[in-house]
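Read through the structure below, which is laid out as structure tokens, and then see the notes.
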Amino acid sequence: QVQLVESGGGLVQAGGSLRLSCAASGRAVSISTMGWYRQAPGKERELVAEVSSGGSTSYEESVKGRFTISRDNAKNTVYLQMNSLKPEDTGVYYCKLIGSSWLDYWGQGTQVTVSS
């Protein structure tokens with residue numbers, strides 16, 4: 001029913017920028033809490049940024065001031081703008097949607113690699 005497709009990952013040099021996209025189907029992002037997570041090899045998946053249906057945002061401490069989560073309701077898409085990228089930002093980035101009854105839906109992930 002709910003499908004999330006991430007795109008925009010790739011290889012970038014330290015200090016560069018990327019914008020990740022999460023296109024949703026089956027549920028409107030405008031009425032959903034949406035989040036971006038990342039997972040590096042050997043580490044647990046961690047919350048990077050989140051936006052509520054009301055528009056409130058929150059960020060993991062290490063990305064504050066560098067990353068911005070946003071939503072385009074007309075396109076039913078959530079974005080993660082990543083600036084001033086660091087090698088420690090490397091990982092697989094996943095989009096998450098919280099639906100009815102707090103059920104989570106996940107995208108397949110997109111790889112972000114930041115070289116030094």
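Only heavy atoms go into these numbers, but all of them, side chains included; no hydrogens, no water, no symmetry mates.
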### Query
Between M82 and L85, which heavy-atom pair has the shortest distance, and what is it?
CB-CD2, 3.8 Å
### Query
Which heavy atom in L11 sits nearest to a heavy atom in S115, and how many Å separate them?
CD1-CB, 4.3 Å
### Task
Output all residues satisfying side chain to side chain donor-acceptor pair (under 3.5 Å) with S32, sequence neighbours left out; order by chain, then residue number.
R27
### Task
Name all residues meeting the side chain to side chain donor-acceptor pair (under 3.5 Å) criterion together with T113; count only those two or more places apart in sequence or in a different chain, and write none if there are none.
Q111
### Task
Could you state whether V2 and M34 fall into the same hydrophobic cluster, counting links through intermediate Ile, Leu, Val, Met, Phe, Trp or Tyr residues with side-chain heavy atoms under 4.5 angstrom apart?
yes
### Query
Quick one: do Y105 and V29 end up in the same hydrophobic cluster if we chain Ile, Leu, Val, Met, Phe, Trp and Tyr together by side-chain heavy atoms under 4.5 Å apart?
yes
### Task
Any pair with a residue in residues 9-21 that passes side-chain hydrogen bond (donor to acceptor under 3.5 Å, both in side chains), sequence neighbours left out, goes on the list, sorted by first then second residue, please.
S17-N83
### Query
Could you give the distance from CZ (R71) to SG (C22), rounded to the nearest 0.5 Å?
12.5 Å
### Query
Can you tell me how far the CG atom of L20 sits from the OG1 atom of T77, to the nearest 0.5 Å?
12.5 Å
### Pairs touching residues 42-85 that satisfy ring pair (Phe, Tyr, Trp, His ring centres under 6.0 Å), sequence neighbours left out
none
#### Entry: Contact check, side chains of V78 and L80, non-hydrogen atoms, under 4.5 Å
no
#### Entry: Residue pairs passing the salt bridge (charged side-chain N to carboxylate O under 4.0 Å, His left out) test where at least one lies in residues 50-61, sequence neighbours excluded
E61-K64
Show me the donor-acceptor pairs within less than 3.5 Å that the side chains of residues 91-103 make with the rest of the protein, sequence neighbours left out.
unit_1	atom_1	unit_2	atom_2	d
Y93	OH	R38	NH1	3.0
Y93	OH	D89	O	2.6
K96	NZ	Y37	OH	2.6

